[in-house]
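The residues of the chain are indexed from 1 along the displayed sequence. Start at 1 and go down the list; that is how both ligands and their atoms are numbered.
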Amino acid sequence: MTSLDAPGPDGPAHEGLRPVDVLSVTAVTDVTPSVRRVLLAGAPDAVAAAGPTVNLLVPRVGDAEPRWPRIQRDGRIVWPEGSHGIALRSYTARRQDAVAGELEIDFVLHGDGPAAAWAAAAAPGALLAVAGAASLAERPASWLLLVGDETALPAISRLLAAAGPGTTGVAFLEVAGPEEEQPLTAPPGIEIRWLHRDGTPPGESTLLVDAVAALDRPAGDDVFAWVGAESAAVRTIRADLRGRWGLTRAQHHAIGYWRRGRAMAPAG
Ligand SMILES: Cc1cc2nc3c(=O)[nH]c(=O)nc-3n(C[C@H](O)[C@H](O)[C@H](O)COP(=O)(O)OP(=O)(O)OC[C@H]3O[C@@H](n4cnc5c(N)ncnc54)[C@H](O)[C@@H]3O)c2cc1C
């Protein structure tokens with residue numbers, strides 16, 4: 001992943017800077033009341049490299065000529081001097097088609113923050129750039145536990161689609177209500193359980209924590225747990241999986257996807 005801490009673009013330390021990969025919006029679809037799917041077009045190489053987890057460079061709403069940063073040889077981002085209004089945020093490429101030069105990203109329209117505001121205003125022709133990517137840190141296992149809220153649905157949909165047909169397990173998916181459920185392709189042995197907040201604000205529900213707490217660890221060691229949701233919930237679930245379930249580091253990946261009441265610093 002790229003990181004934030006490279007100084008300004010001048011001087012010998014920044015020779016060999018390359019431009020970021022800029023993509024343009026070609027279509028916008030509302031998948032559910034709070035999830036907006038943005039289809040982006042870009043060069044095949046840029047699309048192939050932009051995921052599954054991707055660092056997005058999000059311009060201010062209405063900025064038709066963003067002052068993009070550039071990328072150092074070691075992958076670090078070099079920001080332009082002065083005000084540029086570009087925010088770095090982590091998202092998931094729900095779908096990448098390098099041949100067609102298409103990248104699909106589902107944005108939760110949570111109302112606040114540069115990325116959510118950009119997505120709410122996105123229209124064909126709007127620009128977005130990508131600057132580094134990472135894996136979903138999944139590992140193959142015959143039994144999977146997948147836990148996430150709306151922000152992790154793109155990642156979980158990829159994990160479910162990639163799971164072998166004989167995989168068993170359970171997915172706990174927290175959303176606002178039935179209108180936020182999305183069709184998912186999953187092996188028949190993975191039970192999908194939608195959990196509805198029913199009016200509780202995102203980040204204040206204990207649905208995911210409670211669902212995991214009520215689940216017994218399956219027998220055997222061929223188990224992998226993947227968790228992506230609000231940070232405090234993830235911390236509690238991680239502790240449960242490490243403590244009560246005794247999962248090793250290799251048997252789980254639990255990462256805060258957003259922080260209640262705080263802007264999200266990108267993964268470094
Ligand atoms: C690896 C990774 C992959 C991710 N993939 C996706 C993805 O595919 N789709 C997606 O929508 N999100 C995804 N996220 C989450 C996304 O990065 C955060 O929600 C991020 O905070 C959004 O940035 P922002 O500029 O809109 O808001 P920020 O400036 O970060 O935050 C502004 C305010 O909004 C609040 N906020 C942020 N997110 C939410 C939310 N979901 N619900 C309610 N309040 C919120 C914050 O608490 C803060 O008060 C991912 C995160 C990670 C780490």
Side-chain angles (χ1 to χ4, degrees), residues 1-4 23 28-40 50-61 63 66 84-96 103-122 128-138 146-161 173-177 180 182 184 195-197 199-205 207-208 226-235 237-238 253-268:
M1 299 283 268
T2 46
S3 66
L4 274 172
L23 308 170
V28 174
T29 320
D30 287 331
V31 183
T32 68
S34 77
V35 175
R36 175 159 288 191
R37 182 162 297 160
V38 177
L39 183 64
L40 296 144
T53 292
V54 58
N55 283 340
L56 294 186
L57 292 162
V58 184
R60 276 193 203 104
V61 171
D63 184 353
H84 52 75
I86 293 180
L88 180 59
R89 294 287 182 272
S90 297
Y91 275 78
T92 309
R94 187 181 178 280
R95 188 176 68 83
Q96 287 164 269
L103 179 73
E104 206 169 69
I105 298 185
D106 283 0
F107 291 83
V108 175
L109 302 175
H110 60 84
D112 208 1
W118 180 90
L128 194 65
V130 295
S135 76
L136 293 171
E138 75 275 32
L146 303 171
V147 180
D149 62 16
E150 292 94 335
T151 63
L153 269 183
I156 290 176
S157 77
R158 285 185 75 140
L159 296 172
L160 285 170
L173 305 172
E174 179 193 306
V175 293
E180 293 294 335
Q182 294 185 32
L184 293 168
L195 309 172
H196 299 153
R197 283 192 297 274
T200 303
E204 293 183 21
S205 121
L207 286 168
L208 295 175
W226 190 98
V227 185
E230 197 282 326
S231 293
V234 170
R235 271 199 304 278
I237 293 168
R238 186 194 293 125
H253 175 75
I255 176 166
Y257 262 30
W258 61 283
R259 286 185 203 160
R260 185 176 160 222
R262 286 178 61 184
M264 197 63 185

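Atom numbering of ligand 1 starts at 1 in the shown order; those under 4.0 Å from a heavy atom of T92 are 3 (C), 4 (C), 5 (N), 6 (C), 7 (C), 8 (O). For ligand 1, the atoms lying closer than 4.0 Å to a non-hydrogen atom of T53 are 1 (C). Close contacts of ligand 1 with A115, meaning ligand atoms under 4.0 Å from a residue heavy atom, involve 23 (O), 24 (P), 25 (O), 26 (O). Per-residue contacts place A116 under 4.0 angstrom from the following atoms of ligand 1 (heavy atoms of the residue considered): 26 (O). The F107 neighbourhood of ligand 1 comprises atoms 11 (O), with distances under 4.0 Å to a heavy atom of that residue.
For ligand 1, none of its N or O atoms has an N or O atom of I255 under 3.5 Å away.
Side-chain atoms of T92 do not come within 3.5 Å of backbone N or O of R94 as any donor-acceptor pair. A donor-acceptor contact shorter than 3.5 Å links the side chain of R238 to the backbone of A254. Between the side chain of S90 and the main chain of N55, no donor-acceptor pair closer than 3.5 Å is present.
In this structure, P114 counts as a contact residue of ligand 1, since one of its heavy atoms falls inside 4.0 Å of the ligand. At least one heavy atom of P154 sits less than 4.0 Å from an atom of ligand 1.
Applying the side chain to side chain donor-acceptor pair (under 3.5 Å) test to E150 and every residue at least two apart in sequence or in another chain returns R197. For Y91, the ring pair (Phe, Tyr, Trp, His ring centres under 6.0 Å) partners are F107, not counting sequence neighbours.
Of all the heavy atoms of R260, the ones lying under 4.0 Å from any atom of ligand 1 belong exclusively to the backbone. At a heavy-atom cutoff of 4.0 Å, ligand 1 is contacted by the backbone of R259 but not by its side chain. Contacts of Y257 with ligand 1, taken as heavy-atom pairs under 4.0 Å, involve both backbone and side chain. When heavy-atom distances to ligand 1 are checked against a 4.0 Å cut-off, R262 comes that close only through its backbone atoms N, CA, C and O.
Between L88, L153, D106, L136, it is D106 that holds the heavy atom closest to atom 9 (N) of ligand 1.
In this structure, E230 does not pair ionically with R260, as no charged nitrogen and carboxylate oxygen lie closer than 4.0 Å.
Side-chain atoms of Q182 and T32 include no donor-acceptor pair closer than 3.5 Å.
L184 approaches S157 most closely through the heavy-atom pair CD2-CB, 3.6 Å.
Using a 30° and 60° split on the angle between ring planes, W226 and H253 fall in the tilted class, from 30° to 60°.
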